[in-house]
Amino acid sequence: MGDDRLIDGLTAPQREAVTRLDGPLLVLAGAGSGKTRVITRRAALLATAVARPDEVLAITFTNKAAGEMRERILALGVGGGAWGRGRMWICTFHSLCARLLREFGQAVGVQPCYTIFDESDKRSVIREAIGAVGLSPDNWRPRTIEAAISDAKNRMLGPADYAEQARDFSEKTIARVYDEYQARLAGQNGCDFDDLLMHVATLLQNRPEIQAELSRRFRYLLIDEYQDTNHAQYQIATLLASSHRNICVTGDPDQSIYAWRGADIRNILDFEKDYPDAVTVRLEQNYRSSGAILSAASSLISNNKLRKDKTLWTEKEFGPPVRIWECEDELEEADRIAVDIQTHCAAGGAAGDAAIFYRVNAVTRVLEDALRNSGIPYQIARGVEFYNRKEIKDVIAYLRAVVNPADEVAVVRAAGTPTRGIGKVTIERLKTFASQTGISIGEAVARINEIETLKPARKKVAPFAKLIAQIRGMPPRPVGDIVEAVLLNSGLEASLRAAGDVDNNPLENVYELVSAARQYDEQNPEGSLADWLQQISLVSDTDAIELTGGSVTLMTLHAAKGLEFPIVYMVGLEEDLLPHRRAVEGADGEIEEERRLCFVGVTRAMERLTLTHARFRMIRGVTERTMASRFLAELPAEEVEYHELERTVDRSRAHRGEYNDADNEGIDVSRFQPGRTVEHPEYGRGRVLGVEARGKSVYVRIHFENEGARSFALDYATLDLIES
DNA sequence: GTATCTATAATTTTT
DNA sequence: TTATAGATAC
């Protein structure tokens, strides 16, 4: 069967995972266990031994991972000409669904020319919906409502389902907004990210003939990072596999870090229940990290209670110990990292060997400054930022308006930029006419002569209407020509020519967009404007990382999943940052997810790992005392190298008297782990909520049954720990 | 109808 | 610290 090259050099379990082609297969792949190697070879083997390439559907977590997988399969050089005829489907859940909706969406009320609404489009529609049901955005925060709706969609609850299960006033109100929001999206023929999944899952559920056709089309399924799938994704996977059951999922419960986005770890834990005949393969040998790093990782993750026990092992040598650096503040933290990287480079190492991970994006600025000042090249994973720029969104608004005339968000934005005398009142009149006539806003623009109310403004709208009609009349490709036409004919180019300076040049950005379109044209001989728009709507931060580049990579811990670097720094190992405050205050399970996040970061390192924490950190303009992360105390103490604060070199703000130092050393906060029960002489028994530093003292917050939450200064409180 | 200013709020992680 | 929404001035 197949090509021997595909199984060369594999261990027994790896070989099993590659060659057991039919039936349900669960691959529990520990960090660094060669999983990518296994799934690429498996995909290649499937496509050469038992199926046509286009009968294989491989689903990855990011576009980046999809691209890499495609390259690696090509590099295997198997299958020869077979690749040309029908390409293997390698995509993310979202891009798969986006494609399927274009083909089958009408069955769930989505027109083929639908457009994808990003977070800010979603925000503006939500605001409208909140207003339309008679609420005020001051009392009903769009953020909160968005989160609730997103959560509902991930659980496949439509507005009606959600309303049915809504219990309290808050949920019932959200249900009204959800209903309105969804109606508005449908009216604009738009889908948000969550809709892509929910609609396809519903489609597969309600239309057996489509489900049958698709499971015939995709005879073999391969799903990576299965621990991070949500319910809608689970349904899609299940329904696609239901007739042939050739479903292989890979993942690692210890690396589940997206519960906040609706991911349900039970999907992977229950795989064997869903498919009782499933074969399970465990990959537990780690080929990536040194003994020291692996030992730290194992020690850390063993603190999770809700966990299937698993032991990673390595044949690699122990190597240098994991370092923990205590720094005065975030400036010193960044400086020390920069100096360390410089030392590495001076010794002949490459900057590209190193990566810096952090919990929140907000901490990047100081790191960037330090690297820039030291002349160290760096890259930051934030690809969406380009598409979030104002001038880019302006151009894209025109394109969306051309593709989908009902896309009100886009039409309104395009009509108003550059300013051409179309204001609020005119827009309202267009909207009113559209809804009275039962047409889309785009059509209303095309039929301005029929709109009585538009007397003087008609002259202002006419050129815009003409432009849209002209662009719409162009052939759907090459896309580059369309983008360029929009740019030149809309007046955007002219208005940008005047603006801009050296380090922020919108005109340049906009031309970069034209280049991106031209590049797309070259790579996709059959691509259309709609396809390109779909593709750029789904780019993520991680997609932009250049792994072969010669620069230090900065990214969030979430973005780091699936990658590896010889040298890793993790910054901000502090309570309230990692674990994040939201998790500390939240349910018990959330701390475990933070720990898994930390574990993911640690296991990215191959040779050298440095964890840092600062005693003081400025957060949104205010410098605060911090406490070392509990996770640091969970590392094997005798194996790590602890670097205390270097008091001789004081580059910190404290030195300049910008804040008062606090003498909190030596306080054992670990005794008061959140969740522990304590006894207070006056208030009786209570539960520890958390420990926090404020000003010069450290406080412990306790929740008492009768008294509610109270804080005590740790130095003076008379609290007894009760064994639980 | 448009531009500018001010106040205000809010900050986890991402397809 | 930063972005954004709303108010105000032109």
Side-chain angles (χ1 to χ4, degrees), chain A residues 59-66 91-98 116-120 122-124 127 136-138 141-144 146-147 150 153-154 191-198 225 228-230 232-233 256-263 330 357-366 381-385 387-388 390 415-428 456-457 460 534-544 555-561 572 576-586 590 593-594 596-598 600-601 617-623:
Chain A
I59 298 177
T60 57
F61 197 69
T62 62
N63 296 303
K64 179 104 188 149
C91 47
T92 64
F93 267 108
H94 291 266
S95 62
L96 170 72
C97 292
I116 298 172
F117 280 32
D118 69 18
E119 296 302 302
S120 69
K122 178 163 142 183
R123 176 65 54 90
S124 69
R127 295 191 88 92
S136 153
D138 295 333
R141 295 248 167 74
R143 271 187 72 85
T144 316
E146 261 169 37
S150 177
K153 287 183 177 179
N154 288 154
C191 288
D192 64 24
F193 286 139
D194 302 316
D195 282 334
L196 297 175
L197 304 175
M198 184 176 72
E225 308 284 11
D228 284 324
T229 49
N230 62 33
Q233 292 168 325
S256 156
I257 54 175
Y258 284 96
W260 56 273
R261 209 171 80 183
E330 76 276 10
F357 302 152
Y358 35 82
R359 176 68 234 264
V360 297
N361 277 305
V363 305
T364 54
R365 244 194 54 188
V366 185
R382 48 180 180 206
V384 288
E385 205 177 67
Y387 291 100
N388 279 335
K390 185 193 171 301
T417 14
T419 52
R420 47 166 75 85
I422 304 176
K424 236 180 174 175
V425 178
T426 310
I427 292 293
E428 277 316 309
K460 304 269 173 67
Q534 172 189 306
Q535 189 183 306
I536 64 176
S537 301
L538 297 174
V539 300
S540 71
D541 286 338
T542 45
D543 297 333
M555 63 177 103
T556 63
L557 285 162
H558 282 90
K561 193 170 69 161
D576 289 351
L577 200 53
L578 182 64
H580 193 272
R581 186 181 198 104
R582 291 285 275 258
V584 175
E585 288 170 354
E590 292 183 39
E593 178 149 315
E594 296 290 305
R596 289 194 293 269
L597 193 52
C598 191
V600 165
R617 184 176 296 275
M618 194 191 310
I619 293 158
R620 57 171 184 270
V622 183
T623 299

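A note on names: the letters A, B, ... follow the listed sequences, proteins ahead of strands, and every chain is numbered from 1.
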Quickly work out the [X] [atom1] to [N] [atom2] distance and round it to whole Å.
X	N	atom1	atom2	answer
A:Asp192	B:dT14	CG	C1'	14 Å
A:Tyr358	B:dT12	OH	P	16 Å
A:Ile427	B:dG1	CD1	P	10 Å
A:Asn230	B:dT14	CG	C1'	12 Å
A:Arg261	B:dT14	CZ	P	9 Å
A:Leu197	B:dT15	CG	C1'	8 Å
A:Leu196	B:dT15	CG	C1'	9 Å
A:Phe93	B:dT15	CZ	C1'	12 Å

Give a yes or no answer on whether the side chain of [X] reaches the backbone of [Y] with a donor-acceptor pair at less than 3.5 Å.
X	Y	value
A:Thr419	A:Gly421	no
A:Glu594	A:Ala583	no
A:Arg359	A:Pro579	no

Is any side-chain N or O of [X] closer than 4.0 Å to OP1 or OP2 of [N]?
X	N	value
A:Thr62	B:dT14	no
A:Asn361	B:dT13	yes
A:Thr556	B:dT12	no
A:Arg359	B:dT12	no

Using a 4.5 Å cut-off on heavy atoms from C-beta on, say whether the side chain of [Y] contacts that of [X].
X	Y	result
A:Val360	A:His580	yes
A:Asp195	A:Met198	yes
A:Asp576	A:Val584	yes
A:His558	A:Trp260	yes
A:Ile116	A:Gln534	yes
A:Tyr387	A:Ile536	yes

Check this for me: does any side-chain nitrogen of one of A:Glu428 and A:Lys424 sit under 4.0 Å from a carboxylate oxygen of the other?
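No, this pair does not count.
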Does A:Asp228 come within less than 4.0 Å of A:Lys561, counting only side-chain N to carboxylate O?
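The answer is yes: the pair qualifies as a salt bridge.
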Could you tell me whether the side-chain ring of A:His558 sits stacked on the base of B:dT13, using a centroid cut-off under 5.5 Å and a plane angle under 30°?
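Stacking between A:His558 and B:dT13: absent.
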Aromatic stack A:Trp260/B:dT13: centroid gap under 5.5 Å, interplanar angle under 30°
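Per 5.5 Å and 30° rule: yes, stacked.
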Contact letters for nucleotides 2-7 of chain B, in which S counts primed atoms plus P, OP1 and OP2 and B counts the base, heavy atoms under 4.0 Å:
SS----
What nitrogen or oxygen pairs link the protein and nucleotides 2-7 of chain C at under 3.5 Å?
| from | atom 1 | to | atom 2 | distance (Å) |
| --- | --- | --- | --- | --- |
| C:dT2 | OP1 | A:Arg365 | NH1 | 2.1 |

How do A:Val360 and A:Thr426 order along DNA chain B: which one's closest nucleotide is nearer the 5' end?
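By nearest-heavy-atom nucleotide position, the 5'-most residue is A:Thr426.
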All N/O pairs under 3.5 Å across the protein-nucleotides 8-10 of chain B interface:
| from | atom 1 | to | atom 2 | distance (Å) |
| --- | --- | --- | --- | --- |
| B:dA10 | OP1 | A:Arg141 | NE | 2.1 |
| B:dA10 | OP1 | A:Arg141 | NH1 | 3.0 |
| B:dA10 | OP1 | A:Arg141 | NH2 | 2.4 |

Centroid separation A:Phe93 to A:Phe193 less than 6.0 Å:
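Between A:Phe93 and A:Phe193, the centre distance exceeds or equals 6.0 Å.
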Between B:dT13 and C:dT4 - P atom distance, rounded Å
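Comparing P positions in C:dT4 and B:dT13 gives a spacing of 14 Å.
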Would you indicate what A:Val622 reaches in the nucleic acid, counting non-hydrogen atoms under 4.0 angstrom: base, sugar-phosphate, or nothing?
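No contact.
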